[in-house]
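Right, one structure below, let's go through it.
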Number of protein chains: 4
Amino acid sequence: MSAEEKRRGRPRDEQADGRILDAALEVLLENGYDRFSIDTVAAMAGVAKTTLYRRWPTKDHVIVAVVAKMQDEVPVVDTGDLRADLVGYLTEIAAGLNRMRKAARSKEASDRSAGLVAEIAAAAARHPDIGAAVGQLFARRNTLPISLIHRARERGDLPQDVDPEALFDQLAGALYYRLLITGNPIGPAYVRTLVGTALSGISPTLPVKRTTS
Amino acid sequence: MSAEEKRRGRPRDEQADGRILDAALEVLLENGYDRFSIDTVAAMAGVAKTTLYRRWPTKDHVIVAVVAKMQDEVPVVDTGDLRADLVGYLTEIAAGLNRMRKAARSKEASDRSAGLVAEIAAAAARHPDIGAAVGQLFARRNTLPISLIHRARERGDLPQDVDPEALFDQLAGALYYRLLITGNPIGPAYVRTLVGTALSGISPTLPVKRTTS
Amino acid sequence: MSAEEKRRGRPRDEQADGRILDAALEVLLENGYDRFSIDTVAAMAGVAKTTLYRRWPTKDHVIVAVVAKMQDEVPVVDTGDLRADLVGYLTEIAAGLNRMRKAARSKEASDRSAGLVAEIAAAAARHPDIGAAVGQLFARRNTLPISLIHRARERGDLPQDVDPEALFDQLAGALYYRLLITGNPIGPAYVRTLVGTALSGISPTLPVKRTTS
Amino acid sequence: MSAEEKRRGRPRDEQADGRILDAALEVLLENGYDRFSIDTVAAMAGVAKTTLYRRWPTKDHVIVAVVAKMQDEVPVVDTGDLRADLVGYLTEIAAGLNRMRKAARSKEASDRSAGLVAEIAAAAARHPDIGAAVGQLFARRNTLPISLIHRARERGDLPQDVDPEALFDQLAGALYYRLLITGNPIGPAYVRTLVGTALSGISPTLPVKRTTS
DNA sequence: CGATAAGCGAGACGGTACGTCCAGTCTTCCA
DNA sequence: TGGAAGACTGGACGTACCGTCTCGCTTATCG
């Protein structure tokens, strides 16, 4: 009845997981995705390759695990000012992405690239399970901001024909599009422009305006 | 005056380029990105590996070349109905992306993934020159639809505070975001919702509607 | 006390060595030194190239290993008749060398050449370790015949100012010189002449002669 | 009628031969046999590869040509003292060989090796024509010292059962044997021991001769 | 307490591709 | 016809990883 089956044999070294992921993260930050090899990670973690493969079936899985752990919670605040809240949230995201760029290749290509994200996407493409995991990861992550938009619409700050999820896709997507595809920078100015454009004419610029109307 | 430098030595076999890219495309469609090997391509093209490497320094470069060639022109029509035009354009893009999914891994992962696009992004991250090339490729490709938005704004169909490029990023980005990150489908319904949300309240739904009201 | 180190990790497949060297020998005899490729050998031995390279760091090392294994023991008999014993020993050596000629290139150049021996010498020149190994190999091989000469001198059959090692160098060297440099044949007649010249006036031709005088 | 056919078209650049061989020699001395590539030589000689191949059909042929040119004449003096004359001659040869060791690999292996000689031998084994050429080269080179021995025998300084050619093979062979096979050094001391052993008991040491006469 | 089971470190193994190197040949234009 | 330049075929090289395997050893629970 209990979900806890009695395990026989030597129990897994629980610390190993941590050491492996730590080492993997370090290698990732140091060497970038290429030059990231399982052998290196295992050696650096002081762990046998078998131990590593017992936990994650594939190099790709390890990477995704690292990134998932690295995913810091992005705080969502609901001040009632949708515009400001979105700018704040997206700014955090952009900062996170720009931080990841560093992981790509230390010096050379760090600027024009987002190696890790791309590799994650590629991994998601290669392995259905990773795809599902990544999908859920982002679904969870996006729940809060999407509900933020939901509430704004219910509040009447957005027209009814606005689809909250689609709106969020637009905002987040624009960032990723620039990161992965066009390589254009995603600085604070761009984030403001982006939100401004997305909410143009459908959301009050300032709470002041509301009182005016 | 002539930009033509005096060529010395045996000229390159210009047909080879074509044969190589054709072979590469075939391998890509057949086997997907993994299982895409330079040796195979060279053999299939009836070309020595050195010949291939004389033209493209890296497997990644070959792939990008293939995809660049594969990039069919997406037609942009300006009927004056921005909403309809954008829906049309994005539908084509979505179709193209869905077509690429097939290239990922034939059977296994074709559905949940956009391997090729992700790999291109990864390649762009790995090699600065590829990053630049991809960036330019998309910049060129996006010129027309962006200017479409520009004209709509000049026509007064869009508020002045709309940034055409940002608006385009939102639309295209949403598609790529779903393709690469969340894995959500990008069907015709989604495209309509997307454009509807993006233009909500800032663009007339149809010229007809205006006369009706 | 025990020379046996603790072995860790998966032990080497000891049979692999044999299979590799067998395959290598076969390729060598079949195709000669050129057209001897590591890939072929590995494939023929049913072994991954990495396995092969784990044991021998270089194509040259593999070849030397093959030849070393191929080195059949040349028997040395000490009948008390130095002249006859040397003729016998050198005849065996000459036969062995002539056998190796075959390994050079089957048809074309087999006759005029001792490809393999030359390649070994070249390999010894390229890699210091191979040089050392070959040196030791021959040192070991030559111990017996040299001590044969030693004993003859102690017996009084040779003057004291004869250096056994130098004498051996002369005899063996003459064979290799003809094989490698001048290309002159080394048949039984030559061997007799050679020993005759080397021992001329310093060693009794036949035990009969001694009784005569 | 005349053996001189009228040549048509552009005459060969006669200086090219020299420049090529000079460059080849330099590369050989600088880089050793490995790292000696036709492309390098051609580039260094300021000559097209075609030009080079019009003169020598093979890399091996070029090398042999270089060495043949490098072969300085070794003077043979006949003072009537065979022992001294042979020591002198062999000393020169040994010096030449030791000089060649340098050509092998600058620093690393120069000491323990005679790359060039071995490569020549290998080349002779690979190409029958090179074999013949090398054979003749050495035959010519060895004529004088062999006739030196001949004269000594006619003079009565050597027994009749000494084969001059075989005796020479012994002496020269010993040097090459050490150079190529055992790797033992061939210094002046060895040369004296060698000649002493070869002539032991069959040739007067010289002071003896004086008293006899 | 010994048997059984699993985890672990170490490292060999099969397999696959990579990108490089070089020999020799071929093609073009120029002298 | 020769030469310079350089592209081309063909073949091998040695390397790098991945993911699996095989040892001997350690650590747990079960009977």
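What you are looking at is a predicted structure, and each value in this text was computed from that prediction instead of being measured. Computation of the quantities below employed the complete heavy-atom set of this structure, encompassing side-chain atoms and omitting hydrogens, waters and symmetry-equivalent molecules. Just so we're on the same page: letters track the sequence lines, and every chain starts at 1.
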Within the 4.0 Å limit for protein heavy atoms, which parts of nucleotides 12-17 of chain E are touched? Write it as a string from 5' to 3', B for base, S for sugar-phosphate only, - for none.
BBBB-S

Write down the distance between [atom1] ([X]) and [atom2] ([N]), rounded to a whole number of angstrom.
X         : N       : atom1 : atom2 : answer
Asn31(A)  : dA16(F) : CG    : P     : 14 Å
Trp56(B)  : dG19(E) : CH2   : C1'   : 16 Å
Tyr33(B)  : dC18(E) : OH    : C1'   : 12 Å
Arg126(A) : dG19(F) : CZ    : C1'   : 15 Å
Glu119(A) : dC17(F) : CD    : P     : 14 Å
Gln15(A)  : dT27(F) : CD    : P     : 14 Å
Tyr53(D)  : dG24(E) : OH    : P     : 4 Å
Leu52(D)  : dC22(E) : CG    : P     : 15 Å

Salt bridge between Arg12(B) and Asp17(B), side-chain N to carboxylate O under 4.0 Å?
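Looking at Asp17(B) together with Arg12(B), the answer is no, because their closest N to O distance does not fall below 4.0 Å.
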
Restricting to pairs with a member in residues 39-52 of chain A, which pass salt bridge (Lys or Arg N to Asp or Glu O under 4.0 Å), not counting sequence neighbours?
Asp39(A)-Lys49(A)

For His61(B), does its backbone N or O pair with a side-chain atom of Thr58(B) as donor and acceptor, under 3.5 Å?
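Looks like no, no N/O pair under 3.5 Å.
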
How about Arg126(A) and Asp60(A): do any of their side-chain heavy atoms sit closer than 4.5 Å?
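In short, these two side chains touch, coming nearer than 4.5 Å.
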
Phosphate OP1/OP2 of dG19(F) contacted by Thr58(A) side-chain N/O (<4.0 Å):
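True: Thr58(A) side-chain N/O within range (under 4.0 Å) of dG19(F) OP1/OP2.
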
Tell me whether Lys59(C) forms a cation-pi arrangement with Tyr33(C), defined as NZ or CZ under 6.0 Å from the six-membered ring centre and within 45 degrees of its axis.
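That pair qualifies as a cation-pi contact.
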
Shortest non-hydrogen contact between Val47(C) and Leu52(C), atoms and distance:
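Of all heavy-atom pairs spanning Val47(C) and Leu52(C), the closest is CG1-N, 4.2 Å.
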
